[in-house]
Amino acid sequence: MNPQKTIVMADSGCDVNKEYRDQYGIRLLPFHVYYPEKDYLDSVDIDPKMIYDRFPDEFPSTSTPSMAEINDALDEAVAAGFENAIVVCISHCFSGTYNAVRLISTQRDDIHVYAFDTRNISVSSGLYAIWAARKLEEGWSAGQIAEALPGKLADGNIFFYMDTLKYLQRGGRIGRLSGMVGSILKIKPVISCDEEGAYYTVGMIRGERQSKKKLLESVVRFVDGQKAIVCVEEGGNHLQALEFEAMLKEQLPQCEFLMEQQITASLAVNTGPGLIGVGVLKNP
């Protein structure tokens with residue numbers, strides 16, 4: 001255990017894969033994915049391929065970790081000797097996990113709990129968890145990390161290309177886009193998160209090739225020549241994701257590329273197959 005006696009936790013919507021969870025000791029708070037036969041735990045016993053294979057006939061429901069499950073994870077941390085927990089959550093616009101953790105933090109006196117709303121989703125949220133874990137390794141205290149995280153909100157974001165918005169529409173995740181859905185389903189969208197943590201469209205482009213060009217331009221513009229941690233994600237689109245990662249590396253030689261990976265199952269429910277996404281955290 002680290003000398004600071006601090007554990008980093010992340011909900012599964014943050015998309016921190018097992019390799020990095022193991023490397024940095026990040027504790028997973030899994031979402032639930034419900035099919036008629038079973039309640040699956042996201043990133044534990046279900047993967048996105050199962051989701052895609054059961055489309056379009058079956059659409060599972062999802063839910064965030066319960067208050068009891070969050071408390072159980074904190075109980076385990078206390079039993080292991082931890083005194084502080086930094087809990088990284090996807091945007092409150094997409095999940096109730098942040099508000100649940102924040103409430104729990106006021107009810108416990110056996111462990112100091114800091115809930116962080118990334119106002120983002122997927123790997124762009126997960127990069128904050130990895131950043132926090134790295135700072136612990138560098139000797140930062142839990143208080144220093146908790147104080148610094150809000151100031152890094154502007155440094156992180158997600159950009160992703162989708163074949164269609166119909167899965168976001170079906171899952172009620174469209175938000176500000178709802179008024180445009182009827183006219184744009186045949187157009188390839190590039191989407192990001194705004195300052196409040198809600199989806200917005202970076203661009204609506206005709207054709208896959210032009211959409212991916214827009215995605216590349218959006219990431220490069222956001223990085224703006226600075227150092228950054230970058231992660232490429234995909235939804236059943238591995239070869240194209242690798243090609244896109246190679247293009248990014250050519251454009252962003254100063255950046256650290258962590259991984260190319262599949263999106264987690266609970267997020268795949270609302271994004272559908274064909275996604276390519278890029279998470280960025282500047283000034284790491």
Side-chain angles (χ1 to χ4, degrees), residues 10-16 31 62 64 87-99 101-102 115-132 149-165 167-181 184 188-205 211-212 214-224 226 228-235 244 248 255 258 261 263-264 266-272 275-284:
D11 68 45
S12 63
C14 292
D15 257 341
V16 182
F31 288 174
T62 61
T64 58
V87 187
V88 178
C89 309
I90 63 171
S91 172
H92 67 279
C93 294
F94 309 127
S95 163
T97 309
Y98 166 70
N99 286 324
V101 175
R102 187 176 58 173
F116 179 57
D117 179 359
T118 62
R119 299 183 192 177
N120 232 289
I121 197 167
S122 190
V123 288
S124 58
S125 296
L127 291 176
Y128 285 106
I130 292 172
W131 180 87
L149 277 170
K152 291 200 66 62
L153 282 171
D155 286 339
N157 214 339
I158 187 87
F159 300 89
F160 58 97
Y161 154 87
M162 300 172 65
D163 275 343
T164 174
L165 283 174
Y167 296 98
L168 283 180
Q169 180 191 26
R170 189 186 185 285
R173 304 293 184 181
I174 294 293
R176 288 165 50 189
L177 309 173
S178 57
M180 304 188 299
V181 169
I184 63 177
K188 307 298 184 182
V190 176
I191 296 174
S192 185
C193 289
D194 64 19
E195 293 179 357
E196 296 303 314
Y199 286 141
Y200 79 98
T201 51
V202 176
M204 305 299 300
I205 315 297
S211 292
K212 290 176 182 175
K214 179 68 174 180
L215 177 61
L216 180 66
E217 292 173 351
S218 299
V219 174
V220 172
R221 185 181 304 112
F222 179 76
V223 172
D224 192 28
Q226 300 176 67
I229 308 172
V230 180
C231 178
V232 176
E233 260 199 339
E234 43 97 3
F244 191 81
L248 276 175
C255 292
L258 288 191
Q261 64 178 27
I263 193 170
T264 194
S266 64
L267 300 184
V269 173
N270 293 310
T271 56
L275 172 141
I276 294 179
V278 184
V280 178
L281 183 61
K282 296 187 290 187
N283 303 311

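These figures come from a predicted structure and were not determined experimentally.
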Check: [Y] main-chain N/O paired with [X] side-chain donor or acceptor under 3.5 Å:
{"X": "Gln261", "Y": "Asp15", "result": "yes"}
{"X": "Tyr128", "Y": "Lys152", "result": "yes"}
{"X": "Thr201", "Y": "Ile191", "result": "no"}
{"X": "Asn157", "Y": "Cys193", "result": "yes"}

Hey, could you give me the [atom1]/[atom2] distance between [X] and [Y], rounded to the nearest 0.5 Å?
{"X": "Thr118", "Y": "Leu149", "atom1": "OG1", "atom2": "CG", "answer": "10.0 Å"}
{"X": "Leu215", "Y": "Ile276", "atom1": "CG", "atom2": "CD1", "answer": "7.5 Å"}
{"X": "Ile158", "Y": "Asn120", "atom1": "CD1", "atom2": "CG", "answer": "6.5 Å"}
{"X": "Asp194", "Y": "Ser91", "atom1": "CG", "atom2": "OG", "answer": "8.0 Å"}
{"X": "Lys214", "Y": "Phe159", "atom1": "NZ", "atom2": "CZ", "answer": "10.0 Å"}

Got [X] and [Y] here, is their nearest side-chain heavy-atom distance under 4.5 Å?
{"X": "Phe31", "Y": "Val269", "value": "no"}
{"X": "Leu275", "Y": "Phe160", "value": "yes"}
{"X": "Phe94", "Y": "Ser125", "value": "no"}
{"X": "Glu234", "Y": "Val232", "value": "no"}
{"X": "Asp11", "Y": "Thr64", "value": "no"}
{"X": "Val123", "Y": "Cys14", "value": "no"}

Looking only at heavy atoms, which two atoms of [X] and [Y] are closest? And how far apart?
{"X": "Val101", "Y": "Cys89", "result": "CG2-SG, 4.3 Å"}
{"X": "Ala10", "Y": "Ala129", "result": "CB-CB, 4.1 Å"}
{"X": "Pro150", "Y": "Phe116", "result": "N-CE1, 4.0 Å"}
{"X": "Asn270", "Y": "Met162", "result": "O-CE, 4.3 Å"}
{"X": "Phe244", "Y": "Val278", "result": "CE2-CG2, 3.6 Å"}
{"X": "Ala228", "Y": "Val280", "result": "CB-CG1, 3.9 Å"}

**Report entry** Test side-chain contact (heavy atoms from CB on, under 4.5 Å) applied to Leu127 and Val16, Val230, Asp155, Leu281, the passing residue
**Finding:** Leu281
Query raised in the report: Does NZ or CZ of Lys282 fall inside the cone over Phe222's six-membered ring, less than 6.0 Å from its centre and within 45° of the axis?
Result: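 Here Lys282 passes the 6.0 Å and 45° test against Phe222.
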